[in-house]
Amino acid sequence: MHTFLRLNLHHPLILLTSLPTMTASLALSSISPNSSSVSGLRNGKGAPLGIRSLGRSRVSMTASVGSQTLQSDALFADYNSNFAFLFPGQGAQAVGMGREAQSVPAAAELYKKANDILGFDLLDVCINGPKEKLDSTVISQPAIYVTSLAAVELLRARDGGQQIIDSVDVTCGLSLGEYTALAFAGSFSFEDGLNLVKLRGEAMQEAADAAKSAMVSVIGLDSDKVQQLCDAANQDVDDANKVQIANYLCTGNYAVSGGVKGVEAVEAKAKSFKARMTVRLAVAGAFHTSFMEPAVSRLEAKLAATQIRTPRIPVISNVDAQPHSDPETIKKILARQVTSPVQWETTVKTLLSKGLKKSYELGPGKVIAGIVKRMERSAEIENIAA
């Protein structure tokens with residue numbers, strides 16, 4: 001059977017509860033406590049968001065080729081996974097979010113800065129809605145980004161919060177949440193990250209408006225079966241309506257994106273593949289597929305004009321489930337992300353296999369906690385809302 005639910009997300013929120021020769025040199029780079037890696041997000045000693053109190057230096061590998069210096073992308077190849085910060089993606093938004101953040105000045109300040117960048121009162125939309133406005137792609141993405149970083153400030157303000165922040169040795173985020181994770185890890189400032197997210201939402205909406213497309217979640221099948229289902233559906237439609245797996249969330253919960261006719265074919269054939277159900281997602285279009293290609297050039301231009309630094313801790317990419325340290329590589333990965341399937345299942349499995357002791361979901365909703373618990377019931381994860 002297939003069910004139609006009005007969900008403004010690209011992952012099904014409700015279902016997680018129901019189911020050449022070079023000269024190599026070592027370059028020492030440190031983050032000055034007087035520079036803002038995430039502008040405006042500081043601890044009591046004036047250190048930027050997430051920067052450890054001792055202001056540790058970072059050792060990175062570079063290679064000199066003529067007059068050019070190329071930075072290695074393998075700095076985090078053998079990363080640790082003891083304590084992780086996980087940030088939600090689009091679909092986690094809910095009217096009322098951000099209210100708790102107003103009790104902490106550093107968190108409240110983020111919304112004020114966001115208003116200046118966005119040109120409207122973001123906090124008012126977060127707290128009062130209406131839901132239809134908050135759910136729109138162009139608003140929900142910056143709203144979740146700001147609220148998630150506000151949650152970091154709420155955590156910092158509580159007893160032992162700074163110690164928790166200092167203990168985090170890896171971070172990642174679901175789709176949009178990757179930008180939040182990069183901001184937390186000091187790859188770009190809060191303001192630059194928000195400008196990127198703002199443009200990302202606008203570009204994805206415009207790409208969705210350019211062609212009829214849709215997303216559907218397939219519940220109760222493993223990824224191989226869902227791929228077989230997509231293959232069967234694609235035999236019945238033309239190239240413009242092809243579908244593919246767009247979100248690998250966890251076993252039994254995968255989102256398929258593509259042309260409307262292809263999505264309808266998936267829904268019609270799902271029962272014969274023993275799927276428990278399908279759920280059409282109320283999103284702007286086929287996110288994380290080639291339907292988003294029109295958004296890539298705009299993102300590339302914006303990323304090229306944005307200063308991106310090597311993150312201070314590993315940030316796991318949605319594209320390949322790997323951490324990247326070279327800023328230029330990070331830019332390319334972020335541009336590709338909107339047309340690439342989200343490899344969240346592999347990301348979480350890798351974190352768990354590396355001995356993850358505890359993780360924290362920072363921001364609205366509990367989608368990520370549901371995924372982690374579904375994959376490992378004994379996993380310890382704490383929600384920090386704002």
Side-chain angles (χ1 to χ4, degrees), residues 3 5 7 9-19 79-92 94 144 148 151-152 155 158 160-161 164-165 167-178 180-181 217-227 245-256 270 273-279 281 313-318 321-323 341-386:
T3 305
L5 298 180
L7 299 176
L9 60 157
H10 56 278
H11 51 81
L13 213 81
I14 63 161
L15 301 173
L16 295 167
T17 55
S18 66
L19 313 156
Y79 68 94
N80 293 320
S81 172
N82 296 305
F83 301 96
F85 271 10
L86 313 178
F87 295 99
Q90 187 178 348
I144 293 166
S148 296
V152 174
L155 173 60
R158 81 183 196 190
I164 292 173
I165 291 170
S167 73
V168 173
D169 49 16
V170 63
T171 182
C172 51
L174 184 55
S175 189
L176 159 71
E178 187 171 340
T180 319
S217 280
V218 180
I219 309 305
L221 299 179
D222 62 28
S223 59
D224 288 341
K225 280 291 186 182
V226 177
Q227 184 59 56
I245 302 176
N247 280 8
Y248 291 82
L249 292 173
C250 60
T251 299
N253 196 344
Y254 301 97
V256 172
F273 280 80
K274 311 299 184 187
R276 185 184 306 167
M277 68 171 73
T278 61
V279 178
L281 305 180
I313 59 174
V315 178
I316 312 304
S317 164
N318 282 267
Q322 297 292 329
V342 172
Q343 302 293 340
W344 191 253
E345 182 178 21
T346 301
T347 295
V348 175
K349 283 182 177 179
T350 302
L351 293 179
L352 292 169
S353 71
K354 285 177 170 284
L356 182 65
K357 296 176 182 177
K358 184 175 182 178
S359 56
Y360 300 81
E361 179 177 11
L362 298 102
K366 296 183 178 181
V367 172
I368 291 176
I371 294 173
V372 172
K373 284 291 189 180
R374 187 179 181 93
M375 295 176 68
E376 178 54 65
R377 187 169 297 180
S378 64
E380 185 178 359
I381 183 166
E382 181 180 346
N383 294 92
I384 310 293

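- At most 12 non-hydrogen atoms from other residues, nucleotides or ligands lie less than 6.0 angstrom from NZ of Lys225.
- Contact between Ser175 and Val342 at its shortest, heavy atoms only, is CB-CG2, 4.4 Å.
- Taking the side chain as every heavy atom from C-beta outward, Pro88 and Val367 never approach each other to under 4.5 Å.
- Across Ala379 and Val372, no two heavy atoms sit closer than the pair CB-CG1, 3.7 Å.
- In terms of the side-chain contact (heavy atoms from CB on, under 4.5 Å) criterion, Ala94 has no residue partners (sequence neighbours excluded).
- Here the closest non-hydrogen pair linking Tyr248 and Tyr254 is CA-CD2, 3.6 Å.
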Could you give the side-chain donor-acceptor pairs of residues 79-86 under 3.5 Å, partners two or more places apart or in another chain?
from: Ser81; atom 1: OG; to: Leu351; atom 2: O; distance (Å): 3.1
from: Asn82; atom 1: ND2; to: Asp169; atom 2: OD2; distance (Å): 3.0

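- Here the CG atom belonging to Asn383 is positioned 9.0 Å from the OG atom belonging to Ser359, to the nearest 0.5 angstrom.
- Smallest separation of non-hydrogen atoms from Ile368 and Glu361: N-OE2, 3.1 Å.
- With sequence neighbours excluded, the residues that form a salt bridge (Lys or Arg N to Asp or Glu O under 4.0 Å) with Lys349 are Glu345.
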**OP:** Give the C-alpha distance, both sets of side-chain angles, the deciding distance and a yes or no for side chain to side chain contact (heavy atoms under 4.5 Å, CB included) between Arg158 and Ile164.
**Re:** CA-CA 10 Å; Arg158 81 183 196 190; Ile164 292 173; 3.6 Å; yes
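- For the atom pair CD1 (Ile245) and CD (Gln227), the distance works out to 5.0 Å, reported to the nearest 0.5 Å.
- Put simply, the side chain of Asn247 never gets that close to the backbone of Leu249: no donor and acceptor are under 3.5 Å apart.
- Within the model, atoms CG of Asn253 and CE of Met375 stand 11.5 Å from one another, a figure rounded to the nearest 0.5 Å.
- A donor-acceptor contact shorter than 3.5 Å is absent between the side chain of Asn318 and the backbone of Trp344.
- With Glu376 contributing its side chain and Leu352 its backbone, the two residues share no donor-acceptor pair below 3.5 Å.
- For Glu380, the salt bridge (Lys or Arg N to Asp or Glu O under 4.0 Å) partners are Lys358, not counting sequence neighbours.
- Note: Leu362 CG to Glu382 CD = 8.5 Å, rounded to the nearest 0.5 Å.
- Here the closest heavy-atom approach between residue Ile381 and residue Ala369 is recorded as CD1-CA, 3.7 Å.
- For the atom pair CG (Leu174) and CD1 (Ile144), the distance works out to 9.5 Å, reported to the nearest 0.5 Å.
- Listed by chain and number, the residues in a side-chain contact (heavy atoms from CB on, under 4.5 Å) with Ala385 amount to none (sequence neighbours excluded).
- For the side-chain contact (heavy atoms from CB on, under 4.5 Å) test, residues two or more places apart in sequence or in another chain that qualify with Ala386 are Ala101, Thr147, Ala150, Ala151, Leu154.
- Rounding to the nearest 0.5 Å places OH of Tyr360 at 10.0 Å from CD1 of Ile165.
- Smallest separation of non-hydrogen atoms from Thr180 and Ser148: CG2-CB, 3.7 Å.
- Residues meeting the side chain to side chain donor-acceptor pair (under 3.5 Å) test with Ser353, sequence neighbours left out: none.
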